[in-house]
Amino acid sequence: MSALIGYKKPAAGTQPNYLHPPYQSSIKRAPGKPLVLVPQTLSEITGPLFGHELIGPTDNDLTKQHDGEPIGERIILSGRVLDENGRPVPRTLIEVWQANSTGRYRHALDQHDAPLDPNFTGYGRTVTDDEGRYRFVSIKPGAYPWRNHHNAWRPQHIHFSLFGPSFMTRLVTQMYFPGDPLLPLDPIFNCVTDQRARDSMISTFDLETTIPEFALGYRWDIVLRGRDATPMEKQ
Amino acid sequence: MALVPTASQTVGPYLHLGLTALTRADIAKDASKGEKIVISGRVFDGEGQPVPDALLEFWQANADGKYAHPDDLQDKPLDGGFLGFGRVPTDKDGGFRFATVKPGAVPGPGNSLQAPHIVVCVFMRGMLRHLYTRIYFSDEAGNADDPVLGLIEDAARRPTLVAQRQGGKAEYHWDIHMQGQKETVFFDC
């Protein structure tokens, strides 16, 4: 049988620790014992692959999922999914979810005293094209308070979930907006100690994808774990 | 060109809004062969409290031990529309239920054979980065020689990955404990 090629391990500081006490919910939910080091076998380097068959016509346009238009600042969000070797990740599923423009999620547990928007759900999905590109149309989400500490507010963000080619490339993250004054104060954003890795969660304003008279463009590239250069061992 | 992989962030408390459209709680119906089984259990935090806002993802081979993925080059058949992926959010009591078919054995490192298992990816509010673990089955003799279970130095922790068959039925019980005496083994892979 041919040799399997596994996926690289992240460099120190570029991924969060499980225990990050400033984020209080991590204290009782982080593993108490060290993780057990295991090789990536056939079970790890494979993973579910989803295609365009899942995607409905308005799944990547969160402003077109209801009869009317949602309230808020329209945004065009686009970018590429790459692996850490710089290669595009084609035909991979992206799921996104977000608060509406008032900072309220369409979720039973969100009790924030801000209005829901009958024309906004806040869920979308798409599949990257052959060059790893994706594009969403949405509304800029509002900031909202949470109870982690006194006067805690989450910066504006959109949740992203990606699969990539393997269960090892699975990623759930959050995309932030440039210049948000809440970023330096947010314990979730700041759980990543490496500044370059942390800042790579912030999108950039992009005049090129901004549509005149219609919506502001933001660009954000997402990088998934890449293959190791050399086979790990014969399987 | 070396890029830095994008950092992980928590799914947060509103994960259902984004992740339940792809819920796959019963994939047994997609399989044409294999023993139909149900795995159920609960997820507990470090204080023994149920975790009602977790999400489990499952990845497994079909009954012949073949993954529906191009990197699986084994000369074994795929099973029609059986993808082998499951996704289940926990309920208000931290409970979950996943119906599938028991996977076949798959090759491991060297010339070893891995006992039947399911790879599990764990997400929850409070978890900044997902965790990987595995489900094995209490009625599989191959567990004793499994190359991955064997890497868990503290042998007393290995049973945390073994789903217990309930009586004669094809139902298994498997809980996740984030901390404490019964803490589930999680993998660095």
Side-chain angles (χ1 to χ4, degrees), chain A residues 1-2 10-11 14-16 18 20 23 25-26 28-29 31-33 35-49 82 84-86 95-97 105-107 109-110 122-123 159 161 167-168 170-174 188 191-192 196-198 200-201 222-225 233-235, chain B residues 1-14 16-19 21-22 45-47 49 51 57 59 61 67-69 71-74 83-85 106-110 114 117 119 121 123-132 148 151-153 178-180 183 185-189:
Chain A
M1 189 159 280
S2 66
T14 62
Q15 291 288 339
Y18 293 96
H20 180 62
Y23 176 33
S25 303
S26 75
K28 290 297 171 195
R29 293 182 168 194
K33 298 183 169 69
L35 306 190
V36 174
L37 184 65
V38 293
Q40 294 167 20
T41 74
L42 186 61
S43 306
E44 282 76 29
I45 67 155
T46 52
L49 304 176
L82 304 165
E84 63 190 293
N85 302 315
E95 298 165 284
V96 297
W97 69 103
Y105 285 86
R106 185 173 288 281
H107 189 288
L109 293 179
D110 188 353
Y123 169 68
H159 296 263
S161 169
F167 227 33
M168 294 290 96
R170 190 81 181 85
L171 174 71
V172 174
T173 185
Q174 301 179 24
I188 293 181
C191 72
V192 182
R196 188 174 155 212
R198 191 167 63 240
S200 69
M201 294 187 284
I222 304 159
V223 182
L224 304 181
R225 287 172 77 175
E233 61 175 310
K234 293 279 184 189
Q235 292 275 321
Chain B
M1 178 172 60
L3 302 172
V4 177
T6 305
S8 172
Q9 298 272 271
T10 181
V11 293
Y14 311 123
H16 311 94
L17 178 59
L19 297 174
L22 199 63
D45 72 9
E47 285 176 332
Q49 295 299 310
V51 177
E57 287 183 350
W59 174 243
Y67 285 102
H69 189 280
D71 281 357
D72 186 341
L73 303 174
Q74 298 179 89
L83 176 61
F85 172 75
V106 298
Q114 303 189 64
H117 64 271
V119 179
C121 194
F123 302 88
M124 64 181 71
R125 177 180 66 82
M127 191 182 277
L128 289 159
R129 187 178 169 192
H130 59 268
L131 282 165
Y132 293 104
V148 172
L151 289 172
I152 303 168
E153 254 176 65
M178 296 311 301
Q179 299 172 3
E183 180 174 326
V185 170
F186 298 105
F187 291 129
D188 173 4
C189 51

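Each chain gets a letter, A, B and so on, in the order the sequences are listed, and its residues count up from 1. Not measured: the values here are computed from a predicted model.
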Leading residue by heavy atom contact count with chain A [cutoff under 4.5 Å; candidates B:D45, B:L131, B:V51]: B:L131

Check: B:Y132 side chain, A:F167 main-chain N or O, donor-acceptor pair, under 3.5 Å: yes

Spacing of B:R125 atom CZ and A:Y23 atom OH [to the nearest 0.5 Å]: 6.0 Å

Contact leader toward chain B among A:S26, A:S43, A:S25, where contacts are heavy-atom pairs under 4.5 Å: A:S43

Structural part of B:V4 lying under 4.5 Å from a heavy atom of chain A: both

B:Q9 versus A:C191, closest heavy-atom pair with distance: NE2-SG, 3.4 Å

Contacting region of A:V192 [heavy-atom separation from chain B under 4.5 Å]: side chain

Minimum heavy-atom distance A:R29-B:Q179, with the two atoms named: N-NE2, 3.6 Å

Among the listed options A:H20, A:M168, A:R106, A:R225, the residue most often paired with chain B at heavy-atom distances under 4.5 Å: A:M168

N/O donor-acceptor pair under 3.5 Å between A:E44 side chain and B:C189 backbone: no

Contacting region of A:S161 [heavy-atom separation from chain B under 4.5 Å]: side chain

Side-chain donor/acceptor of A:Q15 to backbone N/O of B:R129, under 3.5 Å: no

Heavy-atom proximity to chain B below 4.5 Å, by part of A:P10: side chain

Test side chain to side chain contact (heavy atoms under 4.5 Å, CB included) applied to A:V36 and B:F187, step by step: CA-CA 5 Å; A:V36 174; B:F187 291 129; 4.1 Å; yes

Considering all heavy atoms, the nearest A:P39-B:L151 contact: CD-CD1, 3.4 Å

Value rounded to 0.5 Å, distance of OG1 in A:T41 from NE2 in B:H117: 5.0 Å

Closest heavy-atom pair and its distance - A:I188, B:L128: CG2-CD2, 4.1 Å

Residue A:R170 versus chain B: region with a heavy atom under 4.5 Å: both

Interatomic distance, B:H69 atom NE2 to A:I45 atom CD1 [nearest 0.5 angstrom]: 7.5 Å

Options A:L224, A:I222, A:V96, A:D110, ranked by heavy-atom pairs under 4.5 Å with chain B, top entry: A:D110

Atom group of A:Q174 that falls short of 4.5 Å from chain B, counting heavy atoms: both

Considering all heavy atoms, the nearest B:S8-A:L171 contact: CA-CD1, 3.9 Å

Nearest-0.5 Å distance that lies between atom CD in A:E95 and atom CG in B:L17: 11.0 Å

Shortest non-hydrogen contact from B:A21 toward A:Y123: CB-OH, 3.4 Å

Segment of B:V11 engaging chain A (4.5 angstrom heavy-atom cut-off): both

Residue B:Q49 versus chain A: region with a heavy atom under 4.5 Å: neither

Check: B:T6 main-chain N/O paired with A:S200 side-chain donor or acceptor under 3.5 Å: no

Expected output: side-chain B:Y67 to main-chain A:G47 donor-acceptor under 3.5 Å: no

Steps toward side chain to side chain contact (heavy atoms under 4.5 Å, CB included) verdict (A:T46, B:V119): CA-CA 10 Å; A:T46 52; B:V119 179; over 6 Å; no

Region of B:L83 that comes under 4.5 Å of a non-hydrogen atom in chain A: side chain

